[in-house]
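Below is one structure, written out as structure tokens; comments come after it.
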Amino acid sequence: MYVVGTAGHVDHGKSALVQALSGIDPDRWAEEKARGLTIDLGFAWCELPSGRAVSIVDVPGHERFIKNMLAGVGGINLALLVIAADEGVMPQTREHLDILDLLDIDLGLVALTKTDLVDEEWLALVEEEIIELLADTALSGSQIAPVSALTGDGVDDLRSKIDAMLADLPPIPNQGRPRMPIDRSFTISGFGTVVTGTLLDGELSVGDAVVVEPGRRECRVRGLQSHEESLETAPPGARTAVNLSGVSAGEVERGMVLSTPGWLEPTVAVDVRLRAVARAAKALPHNSTRTLHVGADEVQARVRLLEGDALAPGSSTWAQLRLERPIAAARGDHFVLRSADSTVAGGRIVDTRPRRHHRNDASTLEALQRLLDGSPDDTLLTVLQRMEPARWDELVARSELSPEEALAAIERQIDDDAVVVLDEGGLSDSAVLISDHGMGALLARAEGAVTDYVNSFPLRAGLPREDLRTRVKLPQRAFSFLQQALVDSGRLILNDASFDLPSRQVALSDAQQSQVDALLLRLEQQGTRPETDPNLDGDLLEYLEARHLIMRLKGGVNLDRTVYDKMVAETRALLEAQERATLADVRDRLKTSRKIAQAFLEHLDTNRITRRVGDARVLRKG
């Protein structure tokens, strides 16, 4: 289903023309009827000669209501630029045309209205003015249809022209991710909350779970209508009224977006391709603040130019917009920037969750260009490189490709070895992915972390496995894959539960060797009753334990390793003889102190040699 949107200067006959085409008065409010002036959006529909139904959005033309015009012009398939024959091109004609051009709406025609008020010679002059106006815009070369809503002359011809133009359009694709920028919200007695808008990127069905963003208001589709007919399913592109349950009309307002849960995440920053209006009075400076209009929403935005210090009229650049509050927008959405009284620029969103970029950075600009015009493969890889490592389900959501497009793209990237799945189980929602380049960087980062650690603590056995996993920020299954890659590549070795450099040799200084010799002699002499020494070097103790020369227990208890092994053997023999032994029994058998016996038994419990049962210990079986 397609949508036609009007555009044009105030009092050029847009609403009268819509009524002549459809038989429906689009002016809904009493104030509009009293003033003869469209203030807010109006809606109508009609059946074209082919039998095709088309929705019509009528927008206000007065300069004070441009923001209302912008709330309705997004999502239209064909622009109907309305110019009155008696007045010709006027200021809002030009501004509305600038807006259509910035939104890349390149399918349209000109309705030259009020032809009953002028003669043929004047009409020809106005047509020449219109042709000149449209040159170098997205609507260049558009047909001009003379029409009079008052007499009906040309109305049927205009309707036929619209029908023929829409017949050449491809079907509106179903991306499987429905979203509807909300341009109206109200309550109907007996039904509750109703919102309206143009449904984009997918279809909605009665009973669907939906969410209103920003704010994550969860609700459900209670009913659907289009053109006052009830539907079970609303197709992509349809002007749709959605009856919602689970949310009040007061919680929903124009500018919010209705979508299915789990993918449309509000954002306070967007990366954009930005183009300044050619007729702009002056350049747009870096870090200036303008009003962003996207979908039906408007919000203040700081314009961070990513190249240059100002955007000259008619020029294009890359920019990041930092927003004063969250909006719900998708990659590929078009937008407009306005100052207090004029449209200054517009363009297309290429990333809805960007990092803060360095300005004038070539790699950033290249990545943005790939996002703008790349294939699904390029898009997915570029988004992955900005996130990596990334969970598959989060990557799909961030790329804003359809699930089918994303799956086909990632399978090609995996086959080409451009992407690595860090999971032996293969691709799943929770699987972690990384680009081939990112994998190399991750391996280097892991190796660097271990290198830094052993340089800082040269006597330690290496960086503990869990510490490295925390530093590279990977879930357990993904880290297991990385661990194997690190070992297979020869970058690192894994000793017990610590990573070390393959070629590293630990050498003690003369002073340290003397300290070690003295400690080992003392522990051997003290046997099962070693003295604790809080001043001992912890790294030196760890070094001795890694080489199986001592065993460290809680409470600062250190045992000669040979003594420890004999204590374990004695304890096993005791428990095999009498099955159960108390702390006192073990203390007496080992001829040690209560403190050391307690630390020793807790160590055996931790290492699953013994198990505590009440006040006694028993051997673990198996």
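Quick caveat, the model's predicted, so the values are computed rather than measured.
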Worksheet entry | Minimum side-chain heavy-atom gap His12-Gln92 below 4.5 Å | no

Worksheet item: For the side chain of Arg254 and the backbone of Asp183, is there at least one donor-acceptor N/O pair under 3.5 Å apart?
Response: yes

Under 3.5 Å, which donor-acceptor pairs do the side chains of residues 258-267 form with other protein atoms, sequence neighbours left out?
| from | atom 1 | to | atom 2 | distance (Å) |
| --- | --- | --- | --- | --- |
| Thr260 | OG1 | Trp263 | NE1 | 3.3 |
| Trp263 | NE1 | Thr260 | O | 3.4 |
| Glu265 | OE1 | Arg353 | NH1 | 2.9 |
| Thr267 | OG1 | Ala269 | N | 3.1 |
| Thr267 | OG1 | Ala269 | O | 2.7 |
| Thr267 | OG1 | Thr352 | O | 2.5 |

Item to complete: Answer yes or no: is there a donor N or O on one side and an acceptor on the other, between the side chain of Arg222 and the main chain of Phe191, under 3.5 Å?
Response: yes

Discussion item. Can you tell me if Asp373 has over 12 outside heavy atoms packed within less than 6.0 Å of its CG?
Written reply: yes

Worksheet item: Among Arg304, Arg386, Arg355, whose salt bridge (Lys or Arg N to Asp or Glu O under 4.0 Å) with Asp271 holds?
Response: Arg386

Worksheet item: Any donor-acceptor pair under 3.5 Å linking the side chain of His293 with the backbone of Val336?
Response: no

Worksheet item: Any side-chain heavy-atom pair from Tyr2 and Leu78 closer than 4.5 angstrom?
Response: no

Fill in: Residues that Arg477 engages under salt bridge (Lys or Arg N to Asp or Glu O under 4.0 Å), provided they are two or more places apart
Asp423

Discussion item. Under a 3.5 Å distance rule, please check whether Thr193 uses its side chain to pair with a backbone N or O of Ala249 as donor and acceptor.
Written reply: yes

Worksheet item: For Glu228, does the CD atom sit with more than 12 other heavy atoms under 6.0 Å from it, leaving out its own atoms?
Response: no

Discussion item. So if I apply the side chain to side chain donor-acceptor pair (under 3.5 Å) rule between Arg370 and each of Asp378, Thr379, Thr382, which one comes out positive?
Written reply: Thr382

Worksheet item: Thr291 and side chain to side chain donor-acceptor pair (under 3.5 Å): which partner among Glu298, Gln300, Arg338?
Response: Gln300

Worksheet item: From Asn77 CG over to Ile162 CD1, what is the distance, rounded to the nearest 0.5 angstrom?
Response: 12.0 Å

Discussion item. Between Ser185 (side chain only) and Val195 (backbone N and O only), is there a donor and an acceptor less than 3.5 Å apart?
Written reply: no

Fill in: N/O donor-acceptor pair under 3.5 Å between Lys14 side chain and His9 backbone
yes

Worksheet item: Hey, does the side chain of Gln413 reach the backbone of Asp377 with a donor-acceptor pair shorter than 3.5 angstrom?
Response: yes

